[in-house]
Amino acid sequence: MILIACGLLREARAMARNGTVIVGGGDAVRLEAELEAAAPGAQVILSSGIAGAVAPGLNAGDVVIDGSDRLVEVLRRVLPDARAGIVVGSDAIVARVPEKCALYERTGALAVDMETHIAERVAARHGLPFAALRVISDAANETLPPAALVGMRPDGGMALGPVLASLARHPGQLPALIWTGLSAGRAFRSLERCHDVLRRAGIGQLDLGEFALDV
């Protein structure tokens with residue numbers, strides 16, 4: 001069984017397939033506790049969903065993968081357009097260009113999300129192979145507008161009240177907000193395509209026990 005960690009209900013819906021168990025976040029403590037509870041029945045832990053780019057040259061919809069060498073090899077064989085490199089986790093949203101640049105300079109990472117470090121930590125505790133498969137939703141040279149941050153619901157949609165209040169205070173962010181929504185839509189569609197490809201390749205039904213040697 002593949003145990004998948006994600007942050008949003010919309011991500012979980014895009015990834016729900018036979019042979020996998022999805023654990024959705026929204027709360028770091030709850031995510032870690034639920035992964036910990038499910039880990040004894042897992043062969044592999046995968047962190048998957050959308051992410052922000054911190055490396056230049058990545059755009060909305062691009063796929064990045066990280067993890068143990070043999071799992072990355074399998075994922076790249078099935079998803080040949082994916083870019084392999086470091087995916088880091090953060091306890092807070094990395095929303096501004098200067099923060100993204102600083103993180104890239106410090107780590108050399110391709111992308112950042114809020115679940116990968118938690119999933120990797122649980123995998124290490126249980127001696128399980130780990131990989132991250134993330135789709136870019138915002139580029140390294142894009143700052144997320146305040147309305148996008150205050151309006152994000154756990155299901156991945158937008159809460160209209162907080163968004164409108166933020167726009168009333170800062171109306172100039174509207175173009176950036178529209179662009180962010182379009183980019184997120186591309187990312188979610190790409191995420192769903194990736195998991196459709198994995199399903200057709202039979203990844204969820206593979207005997208992945210051999211990869212435990214590669215932790």
Side-chain angles (χ1 to χ4, degrees), residues 4-17 22-28 31 46-66 79 81-83 85 87-101 103-104 109-116 118-119 132-167 170-198:
I4 302 179
C6 65
L8 302 171
L9 294 178
R10 187 173 176 183
E11 292 170 334
R13 288 195 295 268
M15 298 184 295
R17 298 291 182 267
I22 314 292
V23 175
D27 177 309
L31 174 63
L46 179 69
S47 168
S48 193
I50 62 173
V54 295
L58 290 166
N59 300 303
D62 288 346
V63 181
V64 297
I65 51 178
D66 189 12
L79 301 167
D81 293 331
R83 183 170 166 184
V87 177
V88 296
S90 172
D91 291 326
I93 295 176
V94 181
R96 299 173 62 248
V97 170
E99 297 167 346
K100 296 178 181 183
C101 289
L103 185 58
Y104 176 62
L110 297 180
V112 60
D113 64 68
M114 297 180 66
E115 296 82 37
T116 286
I118 298 171
L133 191 168
R134 291 280 165 169
V135 178
I136 299 301
S137 61
D138 52 286
N141 63 350
E142 295 171 351
T143 289
L144 295 176
L149 302 178
V150 300
M152 180 66 74
R153 296 197 313 248
D155 64 358
M158 299 300 291
L160 187 58
V163 170
L164 292 177
S166 181
L167 283 171
H170 305 288
Q173 66 179 307
L174 180 59
L177 181 63
I178 293 172
W179 178 258
T180 298
L182 293 172
S183 296
R186 285 194 292 273
F188 281 115
R189 289 191 296 273
S190 178
L191 179 68
E192 187 166 0
R193 285 194 297 270
C194 283
H195 283 270
D196 282 342
V197 170
L198 293 178

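If you read the sequence from its start, that first residue is 1, and numbering goes on from there. Keep in mind that the numbers below use all heavy atoms, side chains included, and drop hydrogens, waters and symmetry copies.
The shortest non-hydrogen separation linking Ile4 to Ser48 is CG2-CB, 3.9 Å. When all heavy atoms are compared, the tightest approach of Tyr104 to Val54 is CB-O, 3.2 Å. Looking at every heavy atom in both residues, Leu58 comes nearest to Leu110 through CD1-O, 3.5 Å. Minimum heavy-atom separation, Val97 to Ala140: CG2-O, 3.7 Å. Scanning all heavy atoms of the two residues, the minimum distance from Ala55 to Ala109 falls at CB-O, 3.6 Å. When all heavy atoms of Ser137 and Ser183 are compared, the closest pair comes out as O-CB, 3.2 Å.
Note: Ile136 CD1 to Leu191 CG = 11.5 Å, rounded to the nearest 0.5 Å. Atom CG of Asp91 is separated from atom CD1 of Ile118 by 6.5 Å, given to the nearest 0.5 angstrom. Here the CD atom belonging to Glu11 is positioned 8.5 Å from the CG atom belonging to Asp113, to the nearest 0.5 angstrom.
Using modelled atom types, one side-chain atom of Lys100 and one backbone atom of Glu142 make a donor-acceptor pair closer than 3.5 Å. Side chain of Ser190 to backbone of Arg186: no donor-acceptor contact under 3.5 angstrom is found.
Two residues are said to be in side-chain contact when any heavy atoms from C-beta on lie closer than 4.5 Å; Met114 and Leu31 fail this criterion. Taking the side chain as every heavy atom from C-beta outward, Leu133 and Leu79 approach each other to under 4.5 Å. The shortest side-chain heavy-atom distance between Pro145 and Thr180 falls under the 4.5 Å cut-off. Considering only heavy atoms from C-beta on, Leu198 stays 4.5 Å or farther from Cys194 through its side chain. You'll find the side chain of Glu115 reaches within 4.5 Å of the side chain of Arg134, heavy atoms only.
Among residue pairs with one or both ends in residues 55-66, none qualify as side-chain hydrogen bond (donor to acceptor under 3.5 Å, both in side chains); sequence neighbours excluded.
Under the side-chain contact (heavy atoms from CB on, under 4.5 Å) criterion, Leu174 pairs with Leu167, Ile178, not counting sequence neighbours. For Arg83, there are no side-chain hydrogen bond (donor to acceptor under 3.5 Å, both in side chains) partners two or more places apart in sequence or in a different chain.
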